[in-house]
Number of protein chains: 2
Amino acid sequence: MLNGRTPSVKDVAAAAGVSLGTVSNVMNRPEVVSARTRERVERAMSELGFVRNESARQLRAGTSRTLAYVMLDGTNPFFHDVAQGIELAAEDADLSLFICNSNSRATREEVHLDRLLQQRVQGILITPVDPAAPHLDELTRRGVPMVIVDRVRNADSCCSVSVDDVLGGRIGVEHLAELGHERVAFVGGPDSLGQVRERLQGAREVWESLGHDPDNLIYLPTEALTVAEGRSAGERLAGLPARRRPTAAFCANDLLALGLLQQSIGAGLRVPDDLAIVGFDDIEFAAAAAVPLTSVRQPRQELGRAAAQLVLDEATNPNHNHQQLQFQPELVARASTVRRARSL
Amino acid sequence: MLNGRTPSVKDVAAAAGVSLGTVSNVMNRPEVVSARTRERVERAMSELGFVRNESARQLRAGTSRTLAYVMLDGTNPFFHDVAQGIELAAEDADLSLFICNSNSRATREEVHLDRLLQQRVQGILITPVDPAAPHLDELTRRGVPMVIVDRVRNADSCCSVSVDDVLGGRIGVEHLAELGHERVAFVGGPDSLGQVRERLQGAREVWESLGHDPDNLIYLPTEALTVAEGRSAGERLAGLPARRRPTAAFCANDLLALGLLQQSIGAGLRVPDDLAIVGFDDIEFAAAAAVPLTSVRQPRQELGRAAAQLVLDEATNPNHNHQQLQFQPELVARASTVRRARSL
DNA sequence: AACGCCTATTGAAACTTTTCAAAAGTCCCC
DNA sequence: GGGGACTTTTGAAAAGTTTCAATAGGCGTT
């Protein structure tokens, strides 16, 4: 009867001696079918090894059971932690998850979005290369639920989940100021990234509000938020004349901080004695560094989880309102700034 | 006409004044349709904003355009690099990719596989919790192309892609022996992991073949391959009586090595002078550590890419033969073993 | 025995695409 | 102007599921 094909509801129905509508009921509304037939159908299913065909289900029901996350940079563990949070939420809602990686390239992002549209995913979470890109409007125009993760967009066009980067900047520099540093470097870039700008802004705000000379907060621009750029920033730092040289550095993310840390230690500096370092994100490797890294923590998993919940709300709740969720970052002090770190 | 619905081929056909078979031809066999109509149809498509419904395509065509990777441990960057390789290959073949994470738990793995079966993915790549688990047989029984990544399975039941772990073990310890170390620790576990066993085996083989006393290769078992376990191994190492204490450690992966490195430096040891450290995998953070880590490199991306190619061959080539692809690891020497590292 | 009321089951339509045999068009040549 | 050989287009069937109105069956009441 089956000759090789994978069995369908029809085969199950035949085997159980019921109509195919009943089989569907067993799967989708088990409470309406009598215990006796339900059991019979279930036995037939497992005997035949029936597996529901999701494409057919989706086609008919008009709704898919899939979410997607388009991440910005697969080499940064931060985004994998966000993805992990999304996956947990998807799991709870019994949804599958596509994970794509735009690698910071707008064209790849567009290719991915196009494919996801074809898949009729129920919602898209994205950390976009450019939050203002027109292909994102395209999504909203089509009515695909979308949530911007770790970025913000012109307010009410869609939901977003992010962290207060200005506050993050304040926290980081405030910590260094409290430790008595009088000359501090801000390491980060490119400043086309909104986050870098905001973290810098927060840093400057707090620095000046504490009565420090603006010139003593030295901006060391980088081309990207990578370990290599962190190293290169370290070299530039070392090249500064001693009297201009900062005693502490606040980095726009942990990768930079790790690169800077590596370069500094390699050059014979003691951290934190000669140079205190603060990172941003608090990825796992921050705590695992030779000198455990003080970092401004973002609730990475929580970010993903919240984003997934928002997208699901938009997908299922008819009077959904777009929200801009913003989390508070917090300082995690470790040995890269304080001699005897309490926490590891 | 459309009132809100997303347009279908039927709508496109109506708008272009052709039959719906022709629209399908424009998408799938453009060469059979005349330039004039093709153009007309294409215009209609873009005016209506038509996006092909992949579920329907898949249902009718019987073949999906999706691959899946079930990774073992999302907290280990190694697997993300493998996933990245897979994604590149999938991209080349114009396929979408599901990425799942079993988090080393067999039950989650099973849940994922079940869902993937429902999705009728074209092939599954997996780094299984247990390569002998019966639910993997289930897949082959159902005829779903499957490739085991970074593990091996009873030969000819399916393809696999892995790295020669015995050789990796040899390489790592050989390097340390060449540097003159006479007492070496092997850090790794649990030994239920085939890889750990094989790396240890290689380590022992080469150690003895070089004429060293087996007792001077000290096995420091760990409960998992994590940074935390690496730290704890470091503490145990430090607790050994000086005359038994190794001058070098070979770790079964980089996370262990990073943890060990951190603990050692924190305890005031100089690396490599007091303790030389070799890791395994060569994840990005190995090179980024304060003391850049010598590591036995696995071609991570290549592993993923090759696996994807195998699964595609199995999916499309009728006389496909199962293969056990094995890559050669290679040593990347850095400052954690040699005073002046040539490479960074 | 006829009726109404439940609960349980059925059958057909619908979702969107692809495929393929058949029909229609076009062109050229005798 | 009729026939042959193409090229292009059409129309209907099919894929596996869900939905829903309609039917059947069972049971208690009059």
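A note on names: the letters A, B, ... follow the listed sequences, proteins ahead of strands, and every chain is numbered from 1.
Remark: S34(A), T37(A) in residues 34-43 of chain A come within less than 4.0 Å of DNA chain C through at least one heavy atom.
Side chains of R38(B) and T22(B) form no contact here, defined as non-hydrogen atoms less than 4.5 Å apart.
A donor-acceptor pair shorter than 3.5 Å cannot be found between the side chains of Q58(B) and N53(A). Using a 3.5 Å distance cut-off with no hydrogens or angles, the side chains of Q195(A) and D150(A) do pair a donor with an acceptor. Donor-acceptor pairing under 3.5 Å is recorded for the side chains of N101(A) and Q84(B).
In this structure F327(A) satisfies the ring-ring contact (aromatic ring centres under 6.0 Å, His included) test with no other residue, sequence neighbours excluded.
Counting non-hydrogen atoms under 4.0 angstrom, V23(A) reaches nothing in the nucleic acid.
Across all their heavy atoms, H320(B) and L310(B) have their closest contact at CE1-O, 3.9 Å.
In this structure, Q58(A) places its CD atom 13 Å from C1' of dG16(D), rounding to the nearest Å. Distance, E31(A) CD to dA8(C) P: 10 Å, rounded to whole Å.
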Taking N or O atoms only and anything under 3.5 Å, show me the protein contacts with nucleotides 13-17 of chain C, one pair per line.
residue, atom, partner, partner atom, Å
dA14(C), N3, R60(A), NH1, 2.8
dC15(C), O2, R60(A), N, 3.4
dT17(C), OP1, N53(B), N, 3.0
dT17(C), OP2, V9(B), N, 2.6

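One finds no side-chain N or O of R29(A) lying less than 4.0 angstrom from the OP1 or OP2 phosphate oxygen of dA8(C).
Salt bridge status for R153(B) with D137(B): present, with a side-chain N to carboxylate O gap under 4.0 Å. Salt-bridge formation is not detected for the pair R108(A)/E87(B): no Lys NZ or Arg NE/NH1/NH2 atom is positioned less than 4.0 Å from an Asp or Glu carboxylate oxygen.
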